[in-house]
Amino acid sequence: MLETKNINFYYGNFHALKNISMKMEKNTVTAFIGPSGCGKSTFLRLFNRMNDLIDNTKLTGECIINDKNIYHKSVDVDELRKNVGMVFQKPNPFPKTIFENVAYGLRVNDMGDKHFIQQRVEESIKSAALWNEVKDKLHKSAFELSGGQQQRLCIARALAVSPEVLLMDEPASALDPISTSKIEELIHELKQQYTIVIVTHNMQQAARVSDKTGFFMLGELIEFNDTKKIFLNPDEEQTQNYITGRFG
Amino acid sequence: MKHSEQELFLLKAEVIEMWKFVISQLEKSKSALLNDDYELAREVMIREKRVDLYELKIESDCENHIALYAPVAIDLRLVLSLLKITSSLERIGDFAESIARYVIMENSTILNPKIVEDLKVETMFDLVIGMLTDTFALFNSGKTEVYGKILFKDDDVDTIYKNSFNIMTQFLLNNPTMIRSGLELILVVRKLERIGDYCSNLVEDVVFYVDAKVLKHKQIPESQSNTQKNSQEIDTDEDQD
């Protein structure tokens with residue numbers, strides 16, 4: 001489903017990702033862990049070409065989704081981002097109503113009539129486990145929601161355009177434990193329909209939600225393995241040192 | 001050393017202390033039994049309470065460590081192993097104490113030294129003390145390559161135990177007035193056999209901690225067999241944990 005082959009990425013002269021190759025299966029959750037600045041978020045952003053927006057960067061290698069290199073010149077980036085949704089660390093709802101936040105992607109992509117949009121918004125909010133909390137205030141401002149609710153709204157917004165892949169960059173790091181728990185439950189549920197890649201600094205979160213875990217350090221993928229293996233008996237000493245807190 | 005590492009280090013040190021103490025208990029119970037030493041037997045019985053206290057303290061510390069530090073990988077395996085090791089050491093401590101109790105009960109006056117010799121009680125003691133000491137060294141050094149040699153000693157203990165019934169039956173036929181002390185002695189032999197089993201469990205726990213390998217209910221690999229013994233089944237009878 002998702003695959004990279006010999007990915008190298010540079011910010012100017014800085015070699016941020018070094019020869020990374022990996023495969024992620026459909027309907028799985030993959031977590032990326034590693035110290036700050038190790039390249040995990042940069043690697044995550046490759047999958048919907050968010051790094052294209054940064055000046056003076058260079059990429060070599062292949063980033064493949066459904067057997068197609070997404071950096072090929074024939075790829076429509078807007079179409080790609082419909083297929084690969086993203087949720088960020090800090091909830092970032094638009095200054096619109098709850099309904100319009102979720103409907104936004106459908107409207108700008110001209111994806112169906114009013115009835116379809118209404119139906120899809122409801123489905124997406126339900127999928128994001130938010131419906132019961134907002135069904136009576138869909139036309140109120142998204143800013144009235146709590147941080148955890150705003151984050152689930154952002155997930156609903158990403159789901160509305162029916163992506164196959166969901167990228168999450170520390171989606172719960174700004175949330176309280178209850179909201180974090182809801183997001184983690186949601187990840188378990190969404191796995192049935194979506195392929196999820198998550199960057200997290202919370203190792204217990206990686207252990208709880210993911211099927212596979214990749215450990216990055218200094219731009220290298222040190223180990224990519226089943227999450228159980230990583231947290232019980234990792235192959236690499238560097239991985240063990242990091243997850244047991246002996247790193248650095 | 002980081003704080004969490006320091007905590008684990010202290011936890012391991014507690015188990016090392018308990019382990020040494022249990023070895024000393026077993027050595028004393030051996031000496032008490034073979035030398036009819038009533039005072040030494042009393043000492044073993046009194047000191048048994050310390051073994052129980054070690055167990056309670058270590059269990060509580062392991063629980064706290066899991067709750068507070070959420071250990072993973074080798075740290076998690078260490079804490080899980082320490083819990084099991086502590087439980088096995090406590091049981092071995094119980095056996096040492098009950099052997100000492102036997103010495104006091106019999107007061108060594110009617111025990112026939114010949115039958116003790118025929119049953120190879122001293123050899124059994126030496127084997128299980130050897131297993132306990134060697135496993136302790138394994139735990140301390142982390143060098144688990146030789147674990148098979150320790151496990152094979154348990155087979156020797158089992159062989160002596162199995163032969164003990166015929167030897168004791170013959171002895172009791174010839175000495176019908178000593179049925180009571182004979183039966184008590186066979187229970188001592190049984191306790192030594194069980195100590196061998198617990199030592200095997202300790203080996204399995206140390207190998208799990210160091211190598212993340214599960215040996216329980218598995219055959220000892222060929223690489224672990226020495227020249228005289230090839231692959232043999234680890235005893236997994238219903239009494240073994």
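Letters go in sequence order (proteins before strands), and every chain restarts at 1. Treat the numbers as computed from the prediction; the structure is a model and nothing was measured.
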Over 12 non-hydrogen atoms of neighbours within 6.0 angstrom of [atom1] in [X]:
| X | atom1 | result |
| --- | --- | --- |
| A:Ile178 | CD1 | no |
| B:Lys120 | NZ | no |
| B:Glu5 | CD | yes |
| B:Lys84 | NZ | no |

- Message: Report which part of B:Ile74 has an atom under 4.5 Å of a heavy atom belonging to chain A: side chain, backbone, both, or neither.
- Response: both
- Item | Part of B:Leu8 within contact of chain A (heavy atom distance under 4.5 Å) | side chain
- Message: To check you understand the geometry: which heavy-atom pair defines the closest contact between A:Gln204 and B:Ala70, and what is its length?
- Response: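 Nearest heavy atoms, A:Gln204 then B:Ala70: NE2-O, 3.8 Å.
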- Item | Atom pair OG1/CG of A:Thr244 and B:Leu76 - distance to nearest 0.5 Å |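 The CG atom of B:Leu76 is 11.5 Å from OG1 of A:Thr244, to the nearest 0.5 Å.
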